[in-house]
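In what follows, a single structure is set out as structure tokens and then discussed.
All heavy atoms count here, side chains included; hydrogens, waters and symmetry mates do not.
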Amino acid sequence: MGFGKYDPQQIEDKWQERWTESRCFEVEVDASRPKYYVLEMFPYPSGKIHMGHVRNYSIGDVVARYKRMRGFNVLHPMGWDAFGLPAENAAIKNKTHPAAWTYANIADMRTQLKRLGYSYDWRRELATCRPEYYKWEQQFFLRLLEKGLVYRKNSPVNWCEGCNTVLANEQVEEGKCWRCDGEVEQKQLEQWFLKITAYAEDLIDDLKLLDGCWPERVITMQQNWIGKSVGAQLKFQFKGADEYIEVFTTRPDTLCGATFMSLAAEHPLVEKLIKGRPEAEKVRAFCRDVANMDRIKRGAEDLEKEGVFTGAYCVNPLTGRDMPIHVANFVLMGYGTGAVMAVPAHDQRDFEFARKYDLPMQVVIQPKGETLDISTMTQAYADPGVLANSGQFDGQDNSAAKGAIIDFLAQNNLAKPTVNYRLRDWGVSRQRFWGAPIPVVHCEKCGTVPVPDAQLPVRLPEDAQVREDGRSPLPMLESFVNTACPKCGGPAKRETDTMDTFMESSWYFMRYTSARKEDGPFDAEALKYWMPVDQYIGGIEHAILHLLYSRFYVKALRDCGYTELSEPFQNLLTQGMVLKDGAKMSKSKGNVVDPNSMIGRYGADATRLFILFASPPEKDLEWSDAGIEGAYRFLNRVWRLAEELADAGALKPIGPVASLSDLGGELAGPARDLRRKEHDTVRRVTRDMENKFQFNTVIAALMELVNEMYSLKDGLKGTPQGAAVLSSALSTVLTLLSPVTPHLCEELWGCMGHKEHLATLSWPGYDESALVLDEIELVVQVNGKVRGRLMVPADADQEAVRQFAMTHENVLRNLEGKSIRKLIVVPGKLVNVVAG
RNA sequence: GCCGGGGUGGCGAAGCUGGUAAACGCGGCGGACUUAAAAUCCGCUACCGGGAACGGUUCGCGGGUUCAAGUCCCGCCCCCGGCACCA
């Protein structure tokens, strides 16, 4: 007899085949059933899956399998984020084509994912580099263009020399390229932008809908990134001219303290102001220096505040005083209007600047119970207070004065309430080849003309030869560039920039709902049924990038009539990194653990088990070779347990949490103990599954049950009732463990004589009455310290508990010479004797 | 500076509504089996003292509330992440 050695490879191949044959993970819209859409961030097809993928997809697979067992119609798809720079680099290196490299990688990675036994509906697989996919993206681009949400403008942009392309603001991290880590420079270029700023308020506001469903830190990061600030736009008249300069301020209450004006070096009015003045040359030189500084140095916190007087003045609309106009190196052209009213007494930057250049200062906010004196101040006072030196507004609370001053100035059209955002529009054109072509042509006569829908997709020429220098071959590719203007029919040139790859990942989750549809991007019914994604899972590195773009994109598509949805991802789980020796795995550190070799050695089940057991999903996980050994050992333990029961003739086709009647009546002793543990395990595992997907404690609970079975099996396997109880417990182990290690569980489940697949079984419930204990361990404390434990009847009342406690020798010893003041009884748990 | 997360054995970690701190795993130690080793099974393992019974100490630090605090409140230290001259 015997099952033979636990052979993961053989079992895993077998069950992967069976699942495919039975098509049990393929789903369709079914309005009669509740749906659940679980999605993991799709991978870039780099060629190899890494442990981060394994973790991400294992978490997702447990969720999918669990929800399926809970009766949900579960959509769980997989695909490929297939456009991107590495394909071009690889193509140059290996003298191949990006498409060939990408498709080969997809094939490899698909095989690797299949080896891990993930329960995907593979029919929905998509690759974003296929024209059938990006055709719709081009269509969206045109709709957004029509709506005015896409525009083209010549502006300074982030240029990465390493990648030979521009980057969006979100893709620059500490002055470096998010992908290649190369220095990012500023360049003036004609670029396509998506008007994400039009949705700034929506994006902030709808974060409320995600409260409690998304990790707080992701929500805060998005809030920070969007950077909303409420204030007013104020107009200052130039001295001796009927012209005005506008500033944005969050502190209109401090207007009377505004003693000078600071402009950004790039401010268009600078040249106008200095024209013909003696200061002109000096100011120009200063502006040139500032503008030529690199981004990082200019943005540095410790940059010395410097400036230069333009010779011009404007007038404070409340005080009527002259305000000298300066150019200052810390004023940014990109925020607000590029001009700042300087209130040195109440703004630290202005304070430092004024002290340095000996400019006038005026206190206009006095804190309660204190009087500030400008001559003794060592820093600006930016906190709340009461207005002073502000004429008719004196004595008002500063928060109330904000509105009052805006209202007052608004009468003369000198102020209006304004909200400013830090968020900038999303630059989406890339000077790269391996991306979706932007569907417009440039005609000498008609200008920029959108490609008509009927001509979509604008195909990326897959036969184009990549260039050695890494630059896009498209501009030189005449067969691509030269075309006819859709409007006038005359000769025209195609746009050769391609779209940012984040454009593809901003809607793929919607395409999965009808991935094969040919006559439109989405099937309306499927989209409505499946969306939103109920549980999205991925790395924290996309807290801003992908997650912000997707939120925006869905709102924009909503406003184009494609969907009614506002938020794509109902719940978000950001999994922690997989570390080795305390550091992120990387080739350069030489600490990479290859999932394939782990699967080869221990099997997919053990790999999944370890990665889910070692740490809760959100936390970083330290890879441990000894740890995966332990996981493998546990699976062997389960295997041998089943084998031993089979050999003893004690393995019965009894389902999980069998009823007492199925077990042949009332139980006593070890049989009852085991059944209690079994039911309690169902309780704990279900609770931990539901509560934040705490798979590590789910697995720990199942290990405990298996340990209990080991210690009780010898006394139980000899009797029919004992065998039944053991079999029920084993069924429970296999059922509850099946989302984690599905292959092994299916195999042993079959060995038990069960007919249906575990994958399609329902999640078990537990019987409250099975948890009842006759006796409990009573902990006795004296003054809060544990002094004894004893077994007492579970239903003992207060008085009985007191009596029992007083029989305990050690308790009595600790009470010697003391009188009992109070007795606190926590039913079923402990008693605390307060004595003194 | 602002915001968010975290600090528990030798290690990864548990700890529910305030009620036995350290479940589960790794590592270590001891035993059984074996000619031997591996594998497996059983036991011990927070720290200090003690042969043991038992006692003391312990959840970053210091206070507080409470019969009782890892858990609640106040102050502080350290680590990780995000934003940062944003007017």
If you check the [X] side chain, which of [options] turns out closest?
| X | options | result |
| --- | --- | --- |
| A:E216 | B:C67, B:G4, B:C41 | B:G4 |
| A:E704 | B:A23, B:C67, B:G4 | B:A23 |
| A:T220 | B:G4, B:C86, B:G25 | B:G4 |

Report yes if at least one side-chain N or O of A:N224 is closer than 4.0 Å to OP1 or OP2 of B:C86; otherwise report no. no
Given B:C24, is OP1 or OP2 found less than 4.0 Å from the side-chain N or O atoms of A:R633? no
[N] to [M] separation - [atom1] atoms, rounded to the nearest Å:
| N | M | atom1 | value |
| --- | --- | --- | --- |
| B:U8 | B:G62 | P | 16 Å |
| B:C2 | B:G49 | C1' | 49 Å |
| B:C47 | B:C59 | C1' | 13 Å |
| B:U58 | B:A69 | P | 12 Å |
| B:G43 | B:C48 | C1' | 24 Å |

Taking for each residue the nucleotide of RNA chain B bearing the nearest heavy atom, is the 5' side occupied by A:R349 or by A:A700? A:A700
A:F634 and A:F613: CA distance, side-chain angles, deciding distance, ring pair (Phe, Tyr, Trp, His ring centres under 6.0 Å) verdict: CA-CA 12 Å; A:F634 172 69; A:F613 177 60; 8.3 Å; no
Answer with base, sugar-phosphate or nothing: what part of the nucleic acid does [X] contact at a heavy-atom distance below 4.0 Å?
| X | value |
| --- | --- |
| A:N707 | sugar-phosphate |
| A:V779 | base |
| A:R640 | sugar-phosphate |
| A:G627 | nothing |
| A:T249 | sugar-phosphate |
| A:E777 | base |

Whom does [N] pair with, Watson-Crick or G-U wobble, provided both distances fall under 3.5 Å?
| N | answer |
| --- | --- |
| B:C11 | B:G25 |
| B:C83 | B:G1 |
| B:U35 | none |

So, [X] and [Y]: side-chain donor and acceptor under 3.5 Å apart, yes or no?
| X | Y | result |
| --- | --- | --- |
| A:N636 | A:R633 | no |
| A:Y335 | A:S229 | yes |
| A:Q694 | A:R687 | no |
| A:N707 | A:R637 | yes |

Is it true that the NZ or CZ of A:K305 lies under 6.0 Å from the centre of A:F330's six-membered ring and within 45 degrees of the ring axis? yes
Where do A:P827 and A:V825 come nearest, in terms of heavy atoms and distance? CD-O, 3.4 Å
Correct closest heavy-atom pair for A:N832 and A:N783 would be OD1-N, 3.5 Å
Greater than 12 external heavy atoms within 6.0 Å of A:K692's NZ: no
Looking at A:D673 and A:R676, is there a salt bridge between them, counting it only when a charged N and a carboxylate O are closer than 4.0 Å? yes
Nearest-angstrom distance from the residue atom CD1 of A:I611 to P of B:C26: 17 Å
What does the B/S/- profile of nucleotides 43-56 of chain B look like, 5' to 3', with a 4.0 Å heavy-atom cutoff to protein? -----------SSS
Scoring nucleotides 9-19 of chain B by protein non-hydrogen atoms under 4.0 Å (B base, S sugar-phosphate only, - none) yields ---BSSSB--B
Less than 4.5 Å apart, any side-chain heavy atom of A:H542 and any of A:M41? yes
Where does B:G75 fall, syn or anti, if syn means a chi angle no more than 90° from 0? anti
